[in-house]
Amino acid sequence: MTDAAAVAYNPFEPGFAENPYDQYRAMREQEPVHESPFGIWLLFRYDDVLRFLRDPSLSVEDANARPTMLDQMADEVLGADRDKEMGTRAMLNRDPPDHTRLRKLVSKAFTPRRIENLRPRVQELVDQSLDKAADAGEMELVGDYAFALPFAVISEMLGMPPTDADKLREWSGTLVRTLEPVADPELMLAIRDAGENMRGLVTDVINWKRENLSDDMLSALIAAEENGDMLSDDELIEQVELLYIAGHETTVNLIGNGTLALLRNRDELERLRNDPSLDAAAIEELLRYDPPVQMTRRVTLTDVEVGGKTIPEGVFVVCGLASSNRDEKHWGPTAERVDIGRANAKEHLAFGGGAHYCLGAALARLEGQVAIGSLVRRFSTIEPIAEPEWNGRLNLRGLEKLPLEVRP
Ligand code: HEM
């Protein structure tokens with residue numbers, strides 16, 4: 001590690017939550033393959049990240065990584081004898097053959113046709129929120145809109161009974177911190193508690209659903225669990241947790257960060273307002289420009305050469321999706337600009353890649369297109385009435401609050 005790189009990549013630096021992109025650029029230039037002091041490696045360039053995402057010889061299973069300082073800290077804080085299998089059974093954390101089996105079971109609900117069938121319902125939910133905002137003359141973009149939509153949609157798809165949305169939001173907001181490459185003891189304990197609460201709730205919901213089967217995703221997964229050896233009890237719980245959390249903790253950032261990017265680039269906002277045929281392209285560009293998930297990870301099973309360095313076997317490699325999305329080597333000199341007509345925007349890595357490519361991508365695109373397109377066309381005035389508040393996360397980085405004045 002060079003001194004320059006040590007200075008360049010410091011997620012604790014004030015202002016990082018608001019804008020990590022200057023550090024990403026410095027890392028692409030100075031040390032695009034970087035070993036962090038925690039023993040984790042990070043990749044910042046598009047080509048390296050894409051190669052890692054698609055490489056089937058890499059793993060996503062924690063058990064294949066040698067313990068790092070963070071694992072030692074977790075043993076001290078949470079006890080070395082805790083159930084380390086807990087939380088490792090979701091498809092996102094499994095290699096084949098488990099990954100293949102789990103993904104196949106769930107993917108039936110996410111075919112393009114099934115997702116497109118949801119469009120009228122998504123539009124209805126969006127219009128209800130916009131009606132309320134129109135009456136009030138203002139809206140809090142994140143809580144009232146960006147979070148409410150994907151939360152309602154995934155709850156309905158799964159067939160969840162009405163639950164305490166605030167509690168759930170609090171727990172899942174804490175739980176997703178496990179996706180961060182840093183942790184402190186207090187946070188580790190909070191994550192454990194949130195995990196137990198979430199598991200308790202999902203178990204109750206599954207038990208309720210067993211008595212109330214219907215034409216929804218949860219019923220289909222329960223049927224798979226009951227009709228043979230396709231899905232164990234623990235696997236069922238963890239797929240539901242994953243879908244539930246991935247279903248709303250990510251799209252909220254697409255709608256929040258995407259809207260903010262347009263508010264800061266008014267010409268592009270006007271362009272979108274005047275041309276609905278740009279809705280799909282605009283969402284790809286917003287996913288590229290400020291992606292809801294900043295990074296994903298792979299684990300090396302052998303030594304791997306990349307960018308003139310050797311990453312040893314058994315190491316966590318953080319793949320910088322957000323950094324890749326601004327890599328001038330791939331995107332050219334306009335990489336740092338918002339251009340909703342960018343011809344190759346769809347090459348962004350916001351949804352990861354390879355076997356783990358986001359299963360919910362079509363749903364997220366649909367929600368983003370309807371939410372952002374409808375918002376900019378419903379109101380001629382959309383003005384922030386306070387500075388945006390960020391959620392302080394390194395990975396699922398997004399807005400916590402953005403109050404807006406809106407007028408037709
Ligand atoms: C804009 C919104 C979203 C973004 C940016 C996003 C991003 C991602 C990323 C980066 C991954 C990991 C890919 C990898 O490691 O290669 C992923 C996986 C996944 N996502 Fe999403 N996601 C979004 C919305 C959703 C939604 C709405 C759902 C479901 C309702 C969903 C379900 C999943 C699932 C199940 C996986 C695991 C796939 C696997 O391991 O095979 N995501 N997503």
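Each ligand, and each atom within it, is numbered from 1 in the order the structure gives.
In this structure, G354 falls outside the shell of residues with a heavy atom less than 4.0 angstrom from ligand 1. Residue contacts with ligand 1 include R298, since one or more of its heavy atoms lies under 4.0 Å from the ligand. Using a 4.0 angstrom heavy-atom cutoff, P292 counts as in contact with ligand 1.
Among the atoms of R103, some N or O lies under 3.5 angstrom from an N or O of ligand 1. Checked by distance only, ligand 1 and H99 come closer than 3.5 Å through their nitrogen or oxygen atoms. Considering backbone and side-chain N/O atoms, G353 comes within less than 3.5 Å of an N/O atom of ligand 1.
A heavy-atom distance below 4.5 Å is not found between the side chains of R298 and S59. Annotation: side chain of D290 is not in contact with side chain of L286 (no heavy-atom distance under 4.5 Å). The shortest distance between side-chain heavy atoms of F16 and W390 does not fall below 4.5 Å.
Only backbone heavy atoms of A355 (N, CA, C or O) come within less than 4.0 Å of ligand 1; its side chain stays farther off.
Every atom of ligand 1 is numbered from 1 in the order shown, and the set under 4.0 Å from a heavy atom of L321 is 10 (C). Close approach to L242 involves these atoms of ligand 1, each under 4.0 Å from a residue heavy atom: 35 (C). Contact atoms of ligand 1 toward A350: 5 (C), 7 (C), 10 (C) (distance under 4.0 Å to a heavy atom of the residue). The distance from ligand 1 to the heavy atoms of M91 drops below 4.0 Å at these ligand atoms: 37 (C), 38 (C), 39 (C), 40 (O), 41 (O). Counting atoms of ligand 1 from 1 in the listed order, those under 4.0 Å from a heavy atom of F110 are 29 (C), 30 (C).
Y289 carries R326 over the face of its six-membered ring, with the cationic atom under 6.0 Å from the centre and within 45° of the normal.
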Please lay out, stage by stage, how S172 and H248 fare under the test side chain to side chain donor-acceptor pair (under 3.5 Å).
CA-CA 9 Å; S172 76; H248 62 271; 3.3 Å; yes
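Summarising the contacts of atom 30 (C) of ligand 1 with L366, N257, I154, the nearest heavy atom is found in I154.
Judged purely by distance below 3.5 Å, without hydrogens or angles, the side chains of D275 and S277 pair a donor atom with an acceptor atom.
Residues Y24 and Y9 place their aromatic rings such that the two centres sit no closer than 6.0 Å.
Salt bridge R337/E268: absent, no basic N to carboxylate O contact under 4.0 Å. Under a 4.0 Å N-O distance rule, the pair R25/D327 does not qualify as a salt bridge.
More than 12 non-hydrogen atoms from other residues, nucleotides or ligands lie less than 6.0 angstrom from CZ of R121.
Here the closest non-hydrogen pair linking S219 and K209 is OG-CD, 3.4 Å. Shown here for E140 and G143, the closest heavy-atom pair between the two residues is OE1-N, 2.8 Å.
The closest protein non-hydrogen atom to atom 15 (O) of ligand 1 is T296 OG1, 2.8 Å. Closest to atom 13 (C) of ligand 1, if we only count protein heavy atoms, is H356 O, 3.1 Å.
Atoms of the protein (N, O or S only) found under 2.8 Å from atom 21 (Fe) of ligand 1 are C358 SG.
Ring-plane geometry between Y357 and F351 is classed as perpendicular, the angle between the planes exceeding 60 degrees on a 0 to 90 degree scale with a lower cut at 30.
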